[in-house]
Amino acid sequence: MNSPDQPLPMFDEVLLCTPQTTAEQVGLFLRRCLIPCSRGEKIYTMLYADELSYDVSCRVEELFQHLQRYNSSYRLVILCNCEREHSYIPSAFSQYKVHMIPQRPRAEIQQYLQHHYRVAQPSSSAASVFKDNMCVGIVSSKRAGVGK
């Protein structure tokens, strides 16, 4: 986010973890990150790694320890909820822990995201549903089951 022209992460650079994420999915992701090849300067990110099940987390740590021997210049960010810092993954990687506070003002972050998610030519697409021709949007409700 250092410049507005800097691209968003590609689909292969981000893994959104849930309690249903399998060890195989995380393994494939870690191999992309940790096995050296000519992939350029990608930064790989695991989001909500604290939500992985205990069994998957154990296998992830074991695979990470094995694969990191092959590549000392990997770029991996593991984001966890600070309220779940005592779950397996945050504990296993605690020596690398850094508490982060966004360094950019919220308005600047929103402007950056709007720049990348705006549909250039409005058409009869789903993007016309969202405000300001955005191709993504968040729909939420405080009431469950109201047709979101």
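The side-chain heavy atoms of L76 and T45, taken from C-beta on, include no pair separated by under 4.5 Å. Within the 4.5 Å cutoff, the side chain of P90 has heavy atoms near those of the C80 side chain.
Hydrophobic clustering places Y70 together with V26 (ILVMFWY residues linked when any side-chain heavy atoms are closer than 4.5 Å, directly or through intermediates). Note: the hydrophobic cluster containing M46 does not contain F11 (ILVMFWY, side chain heavy atoms under 4.5 Å, direct or indirect links). No continuous path of hydrophobic side-chain contacts links I43 to L15 [ILVMFWY only; heavy atoms under 4.5 Å]. By the rule that hydrophobic residues join a cluster once side-chain heavy atoms approach within less than 4.5 Å of another member, F29 and Y74 end up as members of one cluster. The hydrophobic cluster containing Y44 does not contain L28, counting ILVMFWY residues as joined when their side-chain heavy atoms lie under 4.5 angstrom apart, directly or transitively.
For the 3.5 Å distance criterion, the side chains of N71 and S73 qualify, holding a donor opposite an acceptor.
A donor-acceptor pair is defined here as one N or O able to donate and one able to accept, closer than 3.5 Å; such a pair exists between the side chain of R32 and the backbone of D12. A donor-acceptor pair is defined here as one N or O able to donate and one able to accept, closer than 3.5 Å; no such pair exists between the side chain of E61 and the backbone of C58. Proximity of a side-chain donor or acceptor of Q25 to a complementary backbone N or O of T22 within less than 3.5 Å is detected. In this structure, the side chain of R84 engages the main chain of D50 through a donor-acceptor pair within 3.5 Å.
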- Evaluate the ring pair (Phe, Tyr, Trp, His ring centres under 6.0 Å) criterion for residues Y88 and F93: first the C-alpha distance (whole Å), next the side-chain angles of each, then the deciding distance (0.1 Å), finally the verdict. CA-CA 9 Å; Y88 191 94; F93 293 91; 8.6 Å; no
- Which is it for L79 and Y48 under the side-chain contact (heavy atoms from CB on, under 4.5 Å) test, yes or no, and what are the steps along the way? CA-CA 6 Å; L79 296 174; Y48 304 116; over 6 Å; no
- Message: Run L113 and L8 through side-chain contact (heavy atoms from CB on, under 4.5 Å) and show every step you take.
- Response: CA-CA 9 Å; L113 292 173; L8 291 169; 4.0 Å; yes
- Query: Can E51 and N81 be said to form a side-chain contact (heavy atoms from CB on, under 4.5 Å), step by step?
  - Reply: CA-CA 9 Å; E51 291 193 15; N81 184 340; over 6 Å; no
- Task: Take L34 and L63 through the test side-chain contact (heavy atoms from CB on, under 4.5 Å) and record every step on the way to the result.
- Result: CA-CA 10 Å; L34 296 171; L63 181 61; over 6 Å; no
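Within 6.0 Å of atom CD in E62, 12 or fewer heavy atoms from other residues, nucleotides or ligands are found, so the atom counts as exposed in its surroundings. Surrounding CD of Q65 are more than 12 heavy atoms belonging to other residues, nucleotides or ligands, all under 6.0 Å away.
To the nearest 0.5 Å, atoms CZ (R75) and CD (E13) are separated by 9.5 Å. Rounding to the nearest 0.5 angstrom, the gap separating the CZ atom in R104 from the CD atom in Q110 is 14.5 Å.
For E85 and K97, the salt-bridge test passes: some basic side-chain N is under 4.0 Å from an acidic carboxylate O.
Here the options are I78, L52, T21, the test is side chain to side chain contact (heavy atoms under 4.5 Å, CB included), and the partner is V60; only L52 passes.
Between V14 and P9, the shortest heavy-atom contact is CG2-CB, 3.7 Å.
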